[in-house]
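Encoded as structure tokens, the structure appears first; notes follow it.
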Amino acid sequence: MIASGFFPVIYLQRNFRQDQGSLIVENACRVNGGEPLLLPKPDPDADFVFLRVREEAQALEKVERILRRYGGEHPFNSPGLQVLAPMYRGDAGIDRLNQMVQEKFNPEPLLLRRDKGAFKRLDKVMQTRNDYDKGVFNGDLGVVEGYDAGDRLLRVDFDGWVVEYAADELDDLSLAYAVSIHKAQGSEYDVVVLCLLGAHARMLSREIFYTAVTRARRRLILLSDEETIARAVANSQPVQRRTLLLQRLREEFAPGPGAGRRPSGPVV
């Protein structure tokens with residue numbers, strides 16, 4: 001629709017999520033433009049922190065240390081701190097990261113175990129599909145409140161909205177200490193810990209990297225190495241939309257005998 005030139009268009013060019021002098025903003029623009037990033041020496045007060053990590057085991061250890069460091073400000077199940085990774089599998093994939101955080105930080109006993117994992121009280125969880133009856137939607141974050149063994153119902157608190165899940169509905173929930181970059185689209189967090197490793201090679205792209213960086217409001221902690229970063233920035237895979245909409249808009253609104261009327265309004 002924008003490419004057709006038939007509709008008013010406004011380009012939003014000012015960033016409101018981060019401060020204007022933010023290195024998060026600077027490096028996000030560099031990722032988007034395919035340029036090398038600015039990777040200063042680690043500074044705990046900086047809003048963009050780069051920690052050189054190559055091995056998955058090392059990344060897992062770093063995530064644990066970071067969560068302990070921020071524990072006073074952001075408890076392990078806080079919605080304000082989010083671990084992101086591009087893949088589920090692997091020693092530093094989303095599944096393993098969630099397992100590690102649950103084991104190391106949540107002392108509560110297991111409430112129930114499922115094929116895809118286990119749940120404890122106080123676990124941070126995510127709804128993975130839209131459920132209009134329950135009033136929860138894909139990407140919503142909640143905290144496990146408890147389990148009614150008699151009725152076999154798991155209760156989850158979504159920011160004051162308590163939802164009950166029967167046994168056959170639990171596949172709609174997943175642990176959310178770590179989530180995929182795709183699942184984080186449209187969300188923002190005070191602190192983002194981003195694992196971007198060579199082992200994630202087949203999922204590395206400029207678009208995924210840009211999405212991850214721009215989820216952070218106050219601080220981004222990037223666990224990666226220079227080669228992996230360069231590979232991600234160089235690999236642009238924009239979505240190619242296969243559509244005849246542009247052609248049909250031109251047929252409808254372009255001047256000519258029998259053509260439709262062009263929409264009113266200037267292009268800004």
Side-chain angles (χ1 to χ4, degrees), residues 24 26-39 48-67 81-103 114-117 124-129 138-139 141 171-189 191-216 220-243:
I24 294 174
E26 172 68 24
N27 275 333
C29 291
R30 286 172 174 265
V31 171
N32 204 30
E35 303 173 13
L37 271 62
L38 300 178
L39 301 175
F48 190 104
V49 179
F50 168 62
L51 300 179
R52 187 174 289 102
V53 174
R54 295 183 184 275
E55 303 299 327
E56 291 184 279
Q58 185 185 10
L60 208 64
E61 179 185 331
K62 290 283 188 185
V63 170
E64 180 182 352
R65 289 184 180 181
I66 291 166
L67 293 182
L81 187 152
Q82 187 62 58
V83 180
L84 300 181
M87 291 180 61
Y88 284 87
R89 297 181 180 179
D91 292 337
I94 294 161
D95 291 337
R96 181 68 188 98
L97 286 164
N98 275 318
Q99 182 185 22
M100 181 276 290
V101 178
Q102 186 187 58
E103 290 176 353
R114 301 286 294 171
D115 292 341
K116 295 182 179 180
K124 180 180 177 181
V125 293
M126 175 180 281
Q127 173 76 12
T128 58
R129 74 174 184 89
N138 187 18
L141 292 176
D171 285 344
D172 294 346
L173 286 177
S174 64
L175 290 177
Y177 301 116
V179 302
S180 72
I181 297 167
H182 285 107
K183 284 289 186 184
Q185 289 186 76
S187 299
E188 59 181 20
Y189 316 95
V191 180
V192 168
V193 182
L194 172 58
C195 297
L196 205 70
L197 307 175
H200 304 149
R202 67 186 182 88
M203 289 295 293
L204 297 179
S205 73
R206 184 184 305 174
E207 290 74 24
I208 287 177
F209 194 9
Y210 176 82
T211 297
V213 170
T214 53
R215 298 312 90 200
L220 176 83
I221 303 173
L222 174 59
L223 308 183
S224 189
D225 65 85
E226 290 86 349
E227 292 179 7
T228 300
I229 290 171
R231 187 185 312 162
V233 171
N235 182 25
S236 180
Q237 297 179 342
V239 175
Q240 298 296 322
R241 302 192 182 278
R242 301 182 182 277
T243 173

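Residue numbers count from 1 along this sequence.
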- Message: With rounding to the nearest 0.5 angstrom, report the NE2 to CG distance, His200 to Leu197.
- Response: 4.5 Å
- Item | Residue of the set Leu37, Leu194, Ile229 for which side-chain contact (heavy atoms from CB on, under 4.5 Å) holds with Ser224 | Ile229
- Query: So with a 6.0 Å cut-off around CD of Glu55, is the heavy-atom count from everything else above 12?
  - Reply: no
- Of all heavy-atom pairs linking Ala212 and Leu220, the shortest is O-CD1, 4.3 Å
- Do any N or O atoms from the side chain of Gln82 and from the backbone of Ala176 form a donor-acceptor pair under 3.5 angstrom? yes
- Query: Going from OH on Tyr177 to CG on Asn98, what distance comes out if it is rounded to the nearest 0.5 angstrom?
  - Reply: 8.0 Å
- Which heavy atom of Ala85 sits nearest a heavy atom of Ala92, and at what distance? CB-O, 4.4 Å
- Query: Would Asp91 and Arg96 count as a salt bridge (Lys or Arg N to Asp or Glu O under 4.0 Å) if you check the C-alpha gap in whole Å, the side-chain angles of each, and the deciding distance to 0.1 Å?
  - Reply: CA-CA 6 Å; Asp91 292 337; Arg96 181 68 188 98; 5.8 Å; no
- Smallest heavy-atom separation, Asn235 atom then Glu207 atom, equals O-OE1, 4.0 Å
- Message: Using a 3.5 Å distance criterion without hydrogens, assess whether the side chain of Asp225 forms a donor-acceptor pair with backbone atoms of Arg54.
- Response: no
- Query: Nearest heavy-atom pair of Glu61 and Arg65: which atoms, and what distance?
  - Reply: OE2-NH2, 2.8 Å
- Item | Test side chain to side chain donor-acceptor pair (under 3.5 Å) applied to Glu26 - qualifying residues, sequence neighbours left out | Arg30
- Measure the OG-CD1 distance between Ser187 and Ile181 for me, rounded to the nearest 0.5 Å. 13.0 Å
- Nearest heavy-atom approach of His182 to Met203 is CE1-CE, 3.8 Å
- Message: With a 3.5 Å distance limit and no angle check, can you tell me whether Thr128 reaches the backbone of Asp172 through a side-chain donor-acceptor pair?
- Response: yes
